[in-house]
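Shown next, in structure tokens, is the structure this report addresses.
Each ligand, and each atom within it, is numbered from 1 in the order the structure gives. Each residue takes its place number in the sequence, starting with 1.
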Amino acid sequence: MKLKYVCLIIVILSTFSVKAQLLQNKGKFTHQDTLRGSITPERAWWDLTYYFLDLKIFESKKYISGVNTIKYKVLKPHQVIQIDLQKPMQIISVSQDGKKLRVKREGNAHFVTLKKTQIIDEINTLSVVFEGKPKEAKRAPWDGGFSWKKDQNGKHFIATSCQGLGASVWWPNKDHMYDEVDSMHIRITAPKDLIPVSNGRLVHIQDHPKANIYTWFVNNPINNYGVNVNIGDYVNFSEVFKGEKGDLDMDYWVLKDNLELAKAHFKDAPKMMKAFEHWFGPYPFYEDSFKLVEVPYLGMEHQSSVTYGNQYKQGYLGRDLSGTGWGLKFDFIIIHEAGHEWFANNITNKDIADMWIHEGFTSYSENLFLDYYYGKEASADYVIGTRANIQNDKPLIGTYNVNNEGSSDMYYKGANMLHTLRQLIEDDEKWRQILRGLNSEFYHQTVTTKQIEDYLSEHSGIDLTAFFNQYLRTTKIPTLEYEIKAGELKYRWTDIVEGFDMPIQIDIDGKSEWLFPKAEWQTKNIKSDSFNIDRDFYVNSNKI
Ligand SMILES: [Zn+2]
């Protein structure tokens, strides 16, 4: 009877909190958030196949203009198409087969009425002419937009970044993560004394007396925020990495004055490639090469042109995020941002609410890099050290369909959740094959959390439903509550979701063994008056 009342109260409380959350969210998100963050009817009917982004830069006016030619396949007939471009950028005109089309602007979404009848399976083309003074990034890459900076010689040093905010902050496109373009050209017209560097490979340099016109080609699916333009007084050096899929071109574009510094410092790049191919499988974009491109901000995981601004320092701008010393054994930006080539660029979240898939696995990759070169203890020290950064303020998963990210705990709580999972699997080779398996199963795809959860449950042989509900969907850390009295250990889990019964390893009576706590109290005979929980498990304990 008593239990029933408790359950009823919990049901009432949780219904109340779900409702309160919904009400809170209702006020928090706008119609614009829905247009930006959901698969609207004007997006759902077509599949993006190709972009040709032709961009001109007017650096002295901080102004850009261009044309994006969009190819798409008709999935079902519809006559209105949604194209996104954020204020204060302007769409000048949209045309199809030479005919100008009517455009209705609703904030950042543009609804274009098509004249030509859209027939299933046909590939159609849309030309979008645009211009404007794009939002200037004040704290790149955190806020996003254009960075209009100067290098130490007073030359223009320009870069874009737009994670979260969206690529439509500077160019018109289908700005939702679920649909990646299959391939893309980016042509940039920049001042004659500067070099424009973008994603993929440089395929054409156009002769022009007053401008540098460079065309880059990306031969793989790419997410919108991964597309970037960088313009600077660059020099280039390169090397060939003998990788799992053969020869991989690794190219480095750095400011002229930093060439010698970069040649020494970027030795971490092939080291990174070796370690990550071991753990995650082949680099996912051999056709497009791998590049590091120096930028005037910290860095970003731009696909096949990872941007770099860590000032040629070890750690995170010279700091160790783990507080253990191990974080100074590598350049954080080279390792972390390149780790995203597997988790963010290869495996991409469909909805940004599931961004933990990008940041959780990539933060976890930092300790796998250490594991490869310094061993398991070093890697454990590092990932456990990063727990100090966890806030437990909000769940890792955000709100779906409104372009909303979850807590910044997606980084180090995400990494510690995966480190805990490695312990449960108890077989490092199996764990490595699972990480590689994720990258081949979801090769060049956009995914949901559910797909990742299901894959991990199936291939580990453990039902991880409650495990992920606990760590991804609540802020509660499982707490082992226990009491030791008269040679008996009494223990149970508290602060857990329904069905959570994760086993943990403990050191007890001079040996290591598994303990299987549940929500209900259990007992076990114990000789000593204390025991230790293996530090690799991200849990709390409470002696009562
Ligand atoms: Zn990241």
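- The Zn ion (ligand 1) sits nearest to atom OE1 when only the N, O or S atoms of E359 are considered.
- Here E301 does not reach the Zn ion (ligand 1): none of its N/O/S atoms is less than 2.8 Å from the metal.
- Backbone or side-chain N, O or S atoms of H358 do not reach the Zn ion (ligand 1) at under 2.8 Å.
- Between E377 and R535 there is a salt bridge, with a side-chain nitrogen of the basic residue lying less than 4.0 Å from a carboxylate oxygen of the acidic one.
- A search for salt bridge (Lys or Arg N to Asp or Glu O under 4.0 Å) contacts involving D251 returns nothing, not counting sequence neighbours.
- Pairs engaging residues 454-472 under the side chain to side chain donor-acceptor pair (under 3.5 Å) rule: K450-D454, D463-T465, N469-R473 [sequence neighbours left out].
- Ion pairing of R43 with D84 is present here, as a side-chain N (NZ or NE/NH1/NH2) and a carboxylate O approach within less than 4.0 Å.
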